[in-house]
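All remarks here apply to the structure that follows.
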Amino acid sequence: MEDLPTISLQQKARLLPGRIEHYWFENEHIGLKRTRFHRIVIPIEPFDSGLEYVQQPEHTELVIDWINLGIVDPGDLDGVTIAMGVTPDVEASIYIGSAHNWTEITELNLVKEGEGYRVRGKGIVQFENERVGRNEPFVFETTAEYIGETV
C-alpha cells in the first residue's frame, strides 16, 4: 500500500466530550428479537487530514455502535469493557476522506466520573479498506455523558 498517504490521526485528532445513548432494534427477517443496543459517539475537533480531495478541515466523529451489553440498567456502565470479538455485534468507524473507515476496537473501558463516564480505548483505524490511507493505531481518551434512550 505504498501509494496511500498517512493520515497521522493520533497526532492530529483532539477528541471532544461525547455521548452515550441506547436504543431498541429488532429485525424479524434475520431472527433478531427486540434488543437494546448502546452507541457511543465521540466528536473530533475539526482537523486537516491532509487529503486534497476533501474539504479541509474535516469534521468527523468516532462512532461505536451496536453495542449489545445485555445489562438490566442501561445507564449503569461503570466498569464496562468493550472489545470486538468479545462484545457481541459491536461496530465502529471514523468518517474521513469521504469514507466510513472501519475501526477495530481492541479495548474500550467506561469508568463513572461525576455525572458521566471516562472513556478510554484503543484500536486500529482501517483506512486501507477504503483506500483513504495507511491503517493506523489509535489510542483515545475523553469523557461522555449518558443521555439515555434515543429513537
Side-chain angles (χ1 to χ4, degrees), residues 1-27 29-32 35-71 74 77-111 113 116-147 149-151:
M1 298 280 168
E2 66 283 340
D3 60 330
L4 295 176
T6 300
I7 304 297
S8 300
L9 186 65
Q10 188 70 61
Q11 290 76 34
K12 295 177 180 179
R14 182 175 168 271
L15 277 62
L16 302 171
R19 70 181 188 276
I20 303 170
E21 55 199 30
H22 74 268
Y23 58 95
W24 292 93
F25 184 79
E26 66 183 311
N27 185 330
H29 300 293
I30 63 169
L32 178 63
T35 303
R36 180 178 27 232
F37 293 96
H38 281 75
R39 176 184 302 122
I40 302 170
V41 179
I42 302 171
I44 299 174
E45 187 173 279
F47 68 97
D48 186 341
S49 67
L51 300 172
E52 295 177 5
Y53 61 90
V54 293
Q55 185 176 1
Q56 301 297 329
E58 289 212 46
H59 297 258
T60 193
E61 56 195 10
L62 169 61
V63 178
I64 305 143
D65 205 355
W66 302 105
I67 306 166
N68 184 352
L69 297 175
I71 57 178
L77 302 171
D78 189 32
V80 166
T81 297
I82 297 163
M84 290 179 163
V86 177
T87 309
D89 306 315
V90 68
E91 295 179 6
S93 67
I94 298 177
Y95 194 85
I96 293 177
S98 299
H100 282 280
N101 300 285
W102 184 73
T103 303
E104 178 186 0
I105 301 295
T106 55
E107 183 178 0
L108 184 142
N109 300 297
L110 300 172
V111 176
E113 186 175 272
Y117 291 90
R118 170 75 41 198
V119 180
R120 291 184 180 107
K122 60 184 174 180
I124 299 171
V125 183
Q126 302 288 330
F127 290 121
E128 292 173 11
N129 289 346
E130 298 294 333
R131 306 240 349 117
V132 169
R134 296 175 187 264
N135 293 347
E136 297 181 20
F138 187 54
V139 177
F140 54 94
E141 181 173 345
T142 190
T143 58
E145 174 187 6
Y146 175 72
I147 62 168
E149 187 170 344
T150 61
V151 179

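Computed from heavy atoms alone, side chains included, the values below leave out hydrogens, waters and symmetry copies.
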Can you tell me how far [atom2] of [Y] sits from [atom1] of [X], rounded to the nearest 0.5 angstrom?
X	Y	atom1	atom2	answer
Ile67	Leu110	CD1	CG	7.5 Å
Ile82	Leu77	CD1	CG	7.5 Å
His100	Gln126	NE2	CD	16.0 Å
Glu45	His59	CD	NE2	10.5 Å

If we only count heavy atoms from C-beta on, is the [X] to [Y] side-chain gap below 4.5 Å?
X	Y	value
Ile7	Leu51	yes
Leu69	His22	no
Tyr53	Val132	yes

Provide the closest heavy-atom pair for [X] versus [Y] in the form atom of the first, atom of the second, distance.
X	Y	value
Leu4	Arg131	CD2-O, 3.5 Å
Leu9	Val125	CD2-CG2, 3.9 Å
Ser49	Gln56	N-OE1, 2.9 Å
Pro43	Gly18	CD-CA, 3.8 Å

Verdict with supporting geometry, Val90 and Ile105, side chain to side chain contact (heavy atoms under 4.5 Å, CB included): CA-CA 9 Å; Val90 68; Ile105 301 295; 5.8 Å; no

Aromatic centroids of Phe138 and Phe140 separated by under 6.0 Å: yes

Glu141 bridged to Arg120 by N-O distance under 4.0 Å: yes

Parallel, tilted or perpendicular: rings of His38 and Tyr146 (30°, 60°):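 Plane angle between 30° and 60°, so tilted.
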
Test side chain to side chain contact (heavy atoms under 4.5 Å, CB included) applied to Glu91 - qualifying residues, sequence neighbours left out: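 Per chain and number, Glu91 pairs via side chain to side chain contact (heavy atoms under 4.5 Å, CB included) with Trp66.
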
Row check, Phe47 ring normal vs Arg14 NZ/CZ: under 6.0 Å, within 45°: no

